[in-house]
There are 2 protein chains.
Amino acid sequence: MMSINEVAREAGVSIATVSRVINNSGAVRASTREKVEAAINALGYSANRLARNLRTSESRLILVLVPDYSNTFYAGIVQGIDGEARRRGYHMLLCDTGADPDAERTYIELLKNRMVDGAICLDPDSVQSLLGEQPRALPWVACCEFDPDSGIPWVGIDNARAAADAVRFLIGRGRRRIAMIGGDERFMYAHERRRGYLTALAEAGLTPPQGSPLDTFSPDFDDGYRLAARMLSVSPRCDAIFAVADPLAVGAMQAVHDAGLRVPEDVAIVGFDNVPFATMVRPRLTTVAQPMKRLGENAARVLIERLNDPELPVSGTMLEHDIIVRESA
Amino acid sequence: MMSINEVAREAGVSIATVSRVINNSGAVRASTREKVEAAINALGYSANRLARNLRTSESRLILVLVPDYSNTFYAGIVQGIDGEARRRGYHMLLCDTGADPDAERTYIELLKNRMVDGAICLDPDSVQSLLGEQPRALPWVACCEFDPDSGIPWVGIDNARAAADAVRFLIGRGRRRIAMIGGDERFMYAHERRRGYLTALAEAGLTPPQGSPLDTFSPDFDDGYRLAARMLSVSPRCDAIFAVADPLAVGAMQAVHDAGLRVPEDVAIVGFDNVPFATMVRPRLTTVAQPMKRLGENAARVLIERLNDPELPVSGTMLEHDIIVRESA
DNA sequence: GCAGAAAATGTAAACGTTTACTTTGCTGTG
DNA sequence: CACAGCAAAGTAAACGTTTACATTTTCTGC
């Protein structure tokens, strides 16, 4: 295999000089630089990163832990991470943990044995605690799922406020019996959004309709349909449904339709996340949008900055949400 | 930083013995093994993979090149790759190329400088050719987008046959004026599916309705709507639409509805890929399913087997597609 | 033209493993 | 009892870089 030695011989210089040319470090005469660059091109040389990694003890790789990347919501975040990381000379190791603490243990190995420089974790608390319990503090940041008091840098939105805003929007449109379909309570987003929902109702002197909120472990279409159908069968019937994820909302929309009712006239619906298919259903889904790409970019930026300067104070970044008003509410 | 030396000292053996214990290689007495393992646990030692990588000149990393990560169709494939790779002790570096040859150049660097052992490419031909033009043949396999004659191992489905089957299904249901909405012709899948469409029509002595097939660079809901609307305005009107991607099909469905027509009675619709939201629209979408997870698993398996034995003959693997009959056709 | 400073280049060690080769210690055999 | 043979352990080189330090070359001002 070709190495820096061949280049040095070809160019008639020492390997130190070749290294300096590659890294733009130290002083090297223009004429020498040209000789070396010519040799590099002639030989098609490319520095072995395995060796460089060992010597500099950094891999310029970051680990991204995702609970389930067939969930389209994470795609935007991951794109943000990928883009920002690349701009800063890093690459991304992506792992689907299935929100399973055991599976995650394997990945923490990667961090311990220096295969990656740091990690971004989108997993719930239960999984994140594993990262925290490591003897030597490992460099990582929490994204979307976070605990402001944990001493771990985080990036996310104010889920309680976002949910409250969504509910206030419904109240502003005259709705009074607002039901909620909640998510897996292992996730912080689920209980924060529930909290926001209850706060907004309380502010307006309202109470949740009977049976609300209803939770589900799998925030998908089928559960949205099922739970909404159950909610529609109680009397007095709710006049709005706030769902903590778009697939749930779309399922609920279908349930309303199948019950012979109209969206939004009889039951208004608001979702959460603004996934692509929110505009592919009729009526189009009103939903709370998170700045997914920017969440990812910020997480990557925070992590890489900490990598470069471990003494940096731990910071939390709260990004703004946005209510996208369409036709379903 | 702790290294194998500390473990060796703690256990009172040489570093070679520690290495043998870690790797289960060579002969080591049971009592010695225990001493070493005790030392490893006491110190919380974990072998530095950067060093191991350099010494063994392998990273156990595979690069996965995806044209667009937010396209839900790729998520299943990537999950398949990830799962299979992990079972075999590999991890996955995921990169979103945006189907852009220039962006991909960066990633080929990773292959050249030994940062990754091999690659799986889901990108179109135009991008793949970059991988091929490298001086030293790089280990990679093509997935979904492939050219059987290129001498590169591949995994995919028979897109022409799958499209033909879909069209035959429509013909079998009595449809005669079957229009098609095609994709970006830079992608092999797009022209193969078009070929299959034309073949099936020809078999039955039919010709494409006027204006069909129509192509689009962005196979999304909006373009599906736009192109279907155009198709519906010509007379005699088509009685079926075959779309090469589900978002296109869903858009077409909406266009049919907005034109005051019914799916499937007036216009039947068949999509392609069986993405999750195919069951979230009404009527549910009839579509051609690819075994996404198995495609990914096979690609990973083929690549890793070649990594272990570079002399392996180049092979192509054709997986079966499946027509999922729902209500839209 | 020369001392001394500054710039350019070279030398060699180090990063933490794996592994070929060597050494040690033991067992069984003739 | 000498010694072949083998198992177990150790020694040291190698992987391909980066970089501290040493050395050589070039430049500057007088």
Side-chain angles (χ1 to χ4, degrees), chain A residues 1-40 43-61 89 109-117 136, chain B residues 1-40 43-61 89 109-117 136:
Chain A
M1 190 54 203
M2 170 173 11
S3 78
I4 201 172
N5 285 291
E6 279 77 79
V7 177
R9 185 168 340 116
E10 172 88 7
V13 299
S14 75
I15 60 167
T17 300
V18 176
S19 177
R20 278 187 277 257
V21 169
I22 296 170
N23 299 298
N24 278 328
S25 65
V28 16
R29 206 199 313 273
S31 62
T32 316
R33 172 180 302 276
E34 278 161 26
K35 269 194 308 186
V36 173
E37 278 164 353
I40 288 175
L43 271 48
Y45 166 78
S46 177
N48 182 323
R49 272 190 59 172
L50 265 26
R52 174 179 297 169
N53 289 348
L54 172 60
R55 175 59 218 221
T56 60
S57 62
E58 62 166 17
S59 61
R60 297 202 148 252
L61 253 31
E109 257 330 274
L110 292 173
L111 221 37
K112 276 179 66 185
N113 60 26
R114 326 295 305 238
M115 188 70 200
V116 300
D117 294 342
R136 196 172 57 88
Chain B
M1 190 55 203
M2 172 175 5
S3 77
I4 201 173
N5 285 291
E6 279 76 79
V7 177
R9 186 169 339 117
E10 172 88 8
V13 298
S14 75
I15 61 167
T17 300
V18 176
S19 176
R20 278 187 278 256
V21 169
I22 296 171
N23 299 298
N24 278 327
S25 65
V28 14
R29 207 198 314 271
S31 61
T32 316
R33 173 181 301 276
E34 278 161 26
K35 269 194 308 186
V36 172
E37 278 163 353
I40 288 176
L43 270 48
Y45 168 78
S46 177
N48 182 323
R49 274 190 58 171
L50 264 27
R52 174 179 297 169
N53 289 348
L54 172 60
R55 175 57 217 225
T56 60
S57 61
E58 63 165 17
S59 60
R60 297 201 146 251
L61 253 31
E109 256 333 273
L110 293 173
L111 219 37
K112 276 179 66 184
N113 59 26
R114 327 293 307 237
M115 189 69 200
V116 300
D117 294 341
R136 195 173 57 88

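In what follows, chains are A, B, ... by sequence order, proteins preceding strands, each numbered from 1. Any value given below was found using the heavy atoms of this structure, including those in side chains, with hydrogens, waters and symmetry copies removed. Since we're looking at a predicted model, the values are computed, not measured.
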Roughly how many Å is it from [atom1] in [X] to [atom2] in [N], rounded to a whole number?
X	N	atom1	atom2	result
Met115(A)	dT17(C)	CE	C1'	14 Å
Leu43(A)	dG16(D)	CG	P	14 Å
Glu58(B)	dT17(C)	CD	C1'	13 Å
Ile22(A)	dT18(D)	CD1	C1'	10 Å
Asn5(B)	dA12(D)	CG	C1'	13 Å
Ile4(A)	dC15(C)	CD1	P	19 Å

Could you check Val13(A), Val28(A), Asn23(A), Asn5(A) and say which one makes a side chain to side chain contact (heavy atoms under 4.5 Å, CB included) with Val18(A)?
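Single side chain to side chain contact (heavy atoms under 4.5 Å, CB included) partner of Val18(A) among Val13(A), Val28(A), Asn23(A), Asn5(A): Val13(A).
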Any chance the side chains of Asn53(A) and Ser59(A) put a donor and an acceptor closer than 3.5 Å?
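Judged by distance alone, the side chains do not pair up.
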Think Ser19(B) has a side-chain N or O under 4.0 angstrom from the OP1 or OP2 of dT18(C)?
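Yes.
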Start with the C-alpha distance between Val7(A) and Leu43(A), add both sets of side-chain angles, then the distance that settles side-chain contact (heavy atoms from CB on, under 4.5 Å), and finish with yes or no.
CA-CA 7 Å; Val7(A) 177; Leu43(A) 271 48; 4.2 Å; yes
Measure the CZ-CD1 distance between Arg52(A) and Ile22(A) for me, rounded to the nearest 0.5 Å.
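If I round to the nearest 0.5 Å, the distance is 6.5 Å.
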Anything under 3.5 Å between a protein N or O and an N or O of nucleotides 4-14 of chain C, put it in a table, one pair a line.
from	atom 1	to	atom 2	distance (Å)
dA8(C)	O3'	Arg29(A)	NH2	3.4
dT9(C)	OP1	Thr32(A)	OG1	2.2
dT9(C)	OP2	Arg29(A)	N	2.8
dT9(C)	OP2	Thr32(A)	OG1	3.3
dG10(C)	OP2	Ser14(A)	N	2.6
dG10(C)	OP2	Ser14(A)	OG	3.0
dG10(C)	OP2	Thr17(A)	OG1	2.9
dG10(C)	N7	Arg20(A)	NH2	2.8
dG10(C)	O6	Arg20(A)	NH1	3.3
dA14(C)	N3	Arg55(A)	NH1	2.8

Could you give the angle between the helix axes at the two ends of the helix from dG1(C)-dC30(D) to dG30(C)-dC1(D), with five pairs per end, rounded to 10 degrees?
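Overall, the helix from dG1(C)-dC30(D) to dG30(C)-dC1(D) bends by 50° from one end axis to the other.
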With the side chain counted from C-beta on, respond yes when Glu10(A) and Ile40(A) share a heavy-atom pair under 4.5 Å apart, and no when they do not.
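Answer no - side chains too far apart.
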Name the nucleic acid region contacted by Asn23(A), choosing base, sugar-phosphate or nothing; use a 4.0 angstrom heavy-atom cut-off, strictly under.
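It contacts sugar-phosphate atoms only.
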